[in-house]
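Note that these values count all heavy atoms, side chains included, but never hydrogens, waters or copies made by symmetry. By convention in this document, chain letters (A, B, ...) are assigned in the order of the sequence lines, proteins followed by strands, and residues within each chain are numbered from 1.
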There are 2 protein chains.
Amino acid sequence: MSLREKKKQDTRNRIFEVSGKLFKDKGFENTTVDEITKEAGIAKGTFFNYFPTKESLLCYFKEHKEAFIFSIMENQMSLNAPVKEKIKNFLVLVAEYYEKDKELLKLLFFEHKRLIMSSDQQSTEKKQRHQRQERFINMLSVFLREGVDKGEIKKGIDLKIASESLNAIYFHSLIIWLHSDTDSSFSRDMSAKIDIIFEGIGV
Amino acid sequence: MSLREKKKQDTRNRIFEVSGKLFKDKGFENTTVDEITKEAGIAKGTFFNYFPTKESLLCYFKEHKEAFIFSIMENQMSLNAPVKEKIKNFLVLVAEYYEKDKELLKLLFFEHKRLIMSSDQQSTEKKQRHQRQERFINMLSVFLREGVDKGEIKKGIDLKIASESLNAIYFHSLIIWLHSDTDSSFSRDMSAKIDIIFEGIGV
DNA sequence: GACCAAATATGACCGCAGTCATAAATGACC
DNA sequence: GGTCATTTATGACTGCGGTCATATTTGGTC
């Protein structure tokens with residue numbers, strides 16, 4: 001690695017670390033780019049050579065988290081257990097992982113939303129996000145297909161719709177939990193809703 | 001109504017109208033408070049006497065929309081039909097109503113999120129939102145209870161969890177649809193997912 | 001080392017959301 | 001209609017995110 005690339009990586013990492021620390025300390029809104037750059041020992045303009053906006057930093061934090069989640073998922077998939085349990089375990093593991101750092105997650109989730117919207121249609125960020133979303137749903141689909149094969153899930157079900165429904169439950173529980181001030185359990189709530197998806201409410 | 005109150009209402013309405021027009025024309029981000037106030041014939045500071053932030057305007061737009069939705073819901077509730085149909089009809093009506101004005105809704109939904117997060121814990125806005133959410137879920141609960149009474153829904157079901165699941169499906173379909181560039185149908189997607197909630201995917 | 005092109009860093013500068021001290025308008029009371 | 005307290009309007013000002021023309025650093029070539 002050339003000196004140039006080394007320095008580049010260095011600067012990028014320093015911005016990343018410093019901003020992560022400051023966001024946790026003082027919150028996203030209360031941290032200025034000036035502070036970040038001062039703390040990181042660079043000029044303000046330099047920041048924008050690395051990250052197009054202050055908010056875009058959050059994307060990178062989010063990617064970090066999501067990489068970890070996919071690794072959990074792949075672990076679960078290789079286990080030998082009833083599909084319902086595997087899905088539940090997977091989503092509960094994700095939930096528990098999130099529960100560790102609610103505040104940062106709030107930032108990531110909600111600030112991120114705005115970013116998604118303001119970015120133009122062609123933006124790679126938007127496409128990437130879409131891909132991640134699809135990957136998530138596809139993996140849930142794989143779980144479900146296995147369930148069909150093992151006779152644990154009805155044959156006629158549209159797996160895409162079903163996976164999206166699971167995804168919906170998951171995200172909604174997440175949002176509810178993020179909004180709640182009390183420490184109601186994300187994982188318990190979600191678990192109950194997965195039961196509903198499996199068993200249905202109709203007679 | 002005194003002259004003072006009259007003028008106040010007038011100014012408030014003018015800001016509301018002008019900003020709605022400008023947001024639709026040029027988008028939320030591209031509309032400045034300066035423009036709004038100039039168009040409305042007031043000074044910039046005056047704007048902030050009526051709305052604490054530019055984003056807070058979106059809340060008021062949203063309230064408008066939501067009032068309408070609750071009225072649809074109450075209509076549906078009084079009908080005589082299978083509960084599943086009533087819920088479906090209700091949610092599809094909401095969906096169709098939304099489909100009319102996707103762009104504004106995007107603004108309302110996503111920009112709004114950020115607002116929610118940045119507002120402090122005690123804020124009335126946050127409480128109000130929570131109440132609306134609860135009201136929505138409670139009304140779904142009423143539908144479901146009727147279903148239980150009429151023998152259309154299993155007896156053992158936790159109605160709160162079930163309502164929240166329906167709510168989750170609804171919101172998720174909404175989000176997916178808002179993100180999609182293509183005009184995939186929000187209402188059709190949601191309808192399929194409601195079937196899943198009723199029938200379950202397990203054998 | 002001298003020279004050059006490309007990559008990277010810099011900070012003065014700009015536009016906009018939001019503030020605040022001050023001014024104007026209103027209505028109650030005499 | 002004069003006086004005064006309260007409410008509402010005003011726009012210069014501040015702070016921050018983001019830009020851009022310019023300066024500096026890097027690494028290849030001789």
**Item:** Within-4.5 Å side-chain heavy-atom neighbours: A:Phe16 and A:Leu57
**Value:** yes

**Message:** With a cut-off of less than 4.0 Å, is there a side-chain N or O of B:Thr32 near OP1 or OP2 of C:dC16?
**Reply:** no

**Asked** What pairs of residues pass the ring pair (Phe, Tyr, Trp, His ring centres under 6.0 Å) test when at least one of them lies in residues 29-49 of chain B, not counting sequence neighbours?
**Response** B:Phe47-B:Phe51

**Item:** Verdict with reasoning, A:Ile197 to A:Lys193, per side chain to side chain contact (heavy atoms under 4.5 Å, CB included)
**Value:** CA-CA 7 Å; A:Ile197 295 275; A:Lys193 286 174 186 163; 5.9 Å; no

Atom [atom1] of [X] and atom [atom2] of [N]: how far apart are they, to the nearest Å?
{"X": "A:Phe48", "N": "C:dC13", "atom1": "CZ", "atom2": "P", "value": "18 Å"}
{"X": "A:Glu29", "N": "C:dA17", "atom1": "CD", "atom2": "P", "value": "14 Å"}
{"X": "B:Asp34", "N": "C:dA17", "atom1": "CG", "atom2": "P", "value": "7 Å"}
{"X": "B:Asn30", "N": "C:dC16", "atom1": "CG", "atom2": "C1'", "value": "12 Å"}

**Request:** Using the ring of A:Tyr50 (Phe, Tyr or Trp, six-membered ring only), decide whether A:Lys8 places NZ or CZ under 6.0 Å from its centre and within 45 degrees of its axis.
**Result:**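 No, cation not above the ring by the 6.0 Å, 45° rule.
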
Where do N or O atoms of nucleotides 28-30 of chain C meet protein N or O atoms at under 3.5 Å, pair by pair?
none

**Prompt:** Quick one: side-chain contact (heavy atoms from CB on, under 4.5 Å) partners of A:Ala168, sequence neighbours excluded?
**Reply:** B:Ile169, B:His172

**Message:** Just to verify, what does B:Ile137 make a side-chain contact (heavy atoms from CB on, under 4.5 Å) with, not counting sequence neighbours?
**Reply:**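 Residues passing side-chain contact (heavy atoms from CB on, under 4.5 Å) with B:Ile137: B:Ser163, B:Glu164, B:Asn167.
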
**Test: B:Asp10 and B:Lys6 ion pair at under 4.0 Å** =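 Looking at B:Asp10 and B:Lys6, the cut-off is not met.
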
**Prompt:** Would you call B:Arg12 and B:Glu5 a salt bridge, using N to O less than 4.0 angstrom?
**Reply:** no

**Asked** From the 5' end of DNA chain D to its 3' end, which nucleotides mark the outer limits of contact with chain A, defined by a 4.0 Å heavy-atom distance cut-off (strictly under)?
**Response** D:dC16 to D:dG27

**Asked** Tell me the salt bridge (charged side-chain N to carboxylate O under 4.0 Å, His left out) pairs involving residues 33-52 of chain B, sequence neighbours left out?
**Response** B:Lys26-B:Glu35

**Fill in**
Those residues at least two apart in sequence (or on a different chain) that pass salt bridge (charged side-chain N to carboxylate O under 4.0 Å, His left out) with A:Glu134 are none

**Contacts of A:Glu17 that satisfy salt bridge (charged side-chain N to carboxylate O under 4.0 Å, His left out) - sequence neighbours left out** =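 Here no residue qualifies.
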
**Listed once per pair and sorted, the side-chain hydrogen bond (donor to acceptor under 3.5 Å, both in side chains) pairs that draw on residues 71-83 of chain B, sequence neighbours left out** =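 Passing the test, one end in residues 71-83 of chain B: no pairs.
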
**Message:** For residues 85-95 of chain A, which residue pairs pass the side-chain hydrogen bond (donor to acceptor under 3.5 Å, both in side chains) check, not counting sequence neighbours?
**Reply:** A:Lys86-A:Glu146, A:Lys88-A:Ser191, A:Lys88-A:Asp195

N/O contacts under 3.5 Å, protein versus nucleotides 8-11 of chain C?
from, atom 1, to, atom 2, distance (Å)
C:dT8, OP1, A:Lys8, NZ, 3.3
C:dA9, OP1, A:Tyr50, OH, 3.2
C:dA9, OP2, A:Tyr50, OH, 3.1
C:dA9, N7, A:Asn49, ND2, 3.4
C:dT10, OP2, A:Ala43, N, 2.9
C:dT10, OP2, A:Thr46, OG1, 2.8
C:dG11, N7, A:Gly45, N, 3.3

**Prompt:** End-to-end bend of the helix from C:dG1-D:dC30 to C:dC30-D:dG1 (five-pair axes, 10° rounding)?
**Reply:** 10°

**Prompt:** Quick one: on DNA chain C, does B:Leu3 or B:Pro52 contact a more 5' nucleotide (nearest heavy atom)?
**Reply:** B:Pro52

**Message:** Regarding A:Thr37, tell me which of base, sugar-phosphate or nothing describes its non-hydrogen contacts under 4.0 Å with the strands shown.
**Reply:** nothing

